[in-house]
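Quick notes on the structure that follows.
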Amino acid sequence: MPELPEVETVCRGLRAALVGCRLVRVTVRRPDLRFAFPKRFAERLQGRRVVAIGRRAKYILAELDDGAIWMTHLGMAGRMVLGSGSLNEVGLHEHVTIETDDGQHVRYIDARRFGFMDLFPKAGLDAHPRLAGLGLEPVGADVAPLTGPVLAGLFAGRLAPLKAALLDQRLIAGLGNIYACEALFRARLSPTRIAGTVTGARAARLAEAIRSVLEDAIAAGGSSLRDYVQTSGELGYFQHSWAVYGREGEACPACNCDRRVTGGINRLVQSGRSTFFCVKRQR
DNA sequence: CTTTCGTCCTGACTGC
DNA sequence: TGCAGTCAGGACGAAA
């Protein structure tokens, strides 16, 4: 489910509901998500008040009143679902349940168990092994804007295909497979182009495309793939705005070329991931 | 150093 | 309808 826009959507839902609340009961049902929970996770979380909730790349970071950070990564299929009232049924794959002092609860549901949680002192935030190597944050009010020259600087000298460079979290943090494809389409750049050749006007187009596709997706509440839902249980709807992702064989929505003219949306596999692109428009 | 590949896990979908 | 095979949003760690 979650790339940056979906994580941001979940973050906003959690922030609105949980900031100011005390976490009065924490139940962990499976100790074996992607990584083991830290020692005494539930006991340490229990009784803490949530001070703030933010996001770095695809990580949800909740600051607690004892100076700790509660980190959640949703992996490929993780969901945070808010509710209130009785908790008589435990859902399938509901690995963590947290109840608050004002009668709400948040359930962490993750069929594939690729997600994980951590709990550590805020002083160690910048040095956290999952965060320390992350690259630029592409959107957000409190980050330096991603510009063409900045992007060109990141890619300078890189021989990797552009698509692979976009997925490299050490360069730009938070882009995933879907939005990397969509950004390349908006920027009219080929996914197979050598990353280091993206300079000048091309870099400016790509920087703008990355920002705009992420912002548009956040505004739409993210993309719903299979069972993705927001914390409220509502569906995001940006998947209807995908121009190329999952559209192999269709005509290009921008130039309308299709297979009869050896164009249209093609699919190829790059470093094990599907890439969708218009062979005519993206160069 | 850079880059690719296999891997973790379950569920949904496709095609026979 | 059943069943085997394929694929999926991420990211780590081994290997080349």
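Naming convention: chains lettered A, B, ... in sequence-line order (proteins, then strands); numbering from 1 in each chain. Remember, it's a predicted structure, so these values are computed and weren't measured experimentally.
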Quick one: A:W242 CH2 to C:dA8 P, roughly how many Å, whole number? 12 Å
Dump the pairs, protein N or O against N or O of nucleotides 2-6 of chain B, anything under 3.5 Å, distances to one decimal.
| residue | atom | partner | partner atom | Å |
| --- | --- | --- | --- | --- |
| B:dT3 | OP1 | A:L159 | N | 3.2 |
| B:dT3 | OP1 | A:A160 | N | 2.8 |

Its dot-bracket string being built from Watson-Crick and G-U pairs below 3.5 Å, with | for another strand and [ ] for crossing, DNA chain B has the pattern .|||||||.|||||||
CD of A:E248 versus P of B:dT14: gap in Å, rounded? 13 Å
Quick one: which residue pairs count as a ring pair (Phe, Tyr, Trp, His ring centres under 6.0 Å) with a foot in residues 113-139 of chain A, not counting sequence neighbours? A:F35-A:F116, A:H73-A:F116, A:F120-A:H128
Please check the phosphate of C:dC7 (OP1 and OP2 only) for any side-chain N or O of A:S274 closer than 4.0 Å. no
Quick note, ring pair (Phe, Tyr, Trp, His ring centres under 6.0 Å) partners involving residues 83-111 of chain A, not counting sequence neighbours, are none
Tell me, please, which residues at least two apart from A:R112 pass salt bridge (charged side-chain N to carboxylate O under 4.0 Å, His left out). none
Ring pair (Phe, Tyr, Trp, His ring centres under 6.0 Å): which pairs involve residues 259-283 of chain A, sequence neighbours left out? A:Y245-A:F276
Any ion pair linking A:R186 and A:E182 (charged N to carboxylate O, less than 4.0 Å)? no
Who are the salt bridge (charged side-chain N to carboxylate O under 4.0 Å, His left out) partners of A:E215, not counting sequence neighbours? none
So the side-chain hydrogen bond (donor to acceptor under 3.5 Å, both in side chains) pairs with at least one residue in residues 150-167 of chain A (sequence neighbours excluded) are A:K163-A:N177, A:K163-A:T275
Who passes salt bridge (charged side-chain N to carboxylate O under 4.0 Å, His left out) against A:D32, sequence neighbours left out? A:R30, A:R113
Can you tell me how far P in C:dT6 sits from the matching atom in B:dG6, rounded to whole Å? 14 Å
Send over the distance from A:F238 CZ to C:dG9 C1', rounded to a whole Å. 14 Å
Does the side-chain contact (heavy atoms from CB on, under 4.5 Å) test come out yes or no for A:M117 and A:V96, once each step is laid out? CA-CA 10 Å; A:M117 293 186 183; A:V96 181; 4.2 Å; yes
Could you write nucleotides 10-16 of chain C as a row of B, S and -, 5' to 3', where a protein heavy atom under 4.0 Å of any base atom gives B, of only sugar-phosphate atoms gives S, and otherwise -? BBS----
Can you name the residues that form a salt bridge (charged side-chain N to carboxylate O under 4.0 Å, His left out) with A:R40, not counting sequence neighbours? none
Can you name the residues that form a side chain to side chain contact (heavy atoms under 4.5 Å, CB included) with A:L136, not counting sequence neighbours? A:L146, A:V150, A:L154
Is the phosphate of B:dG11 approached by A:H93 (side-chain N or O, under 4.0 Å from OP1 or OP2)? yes
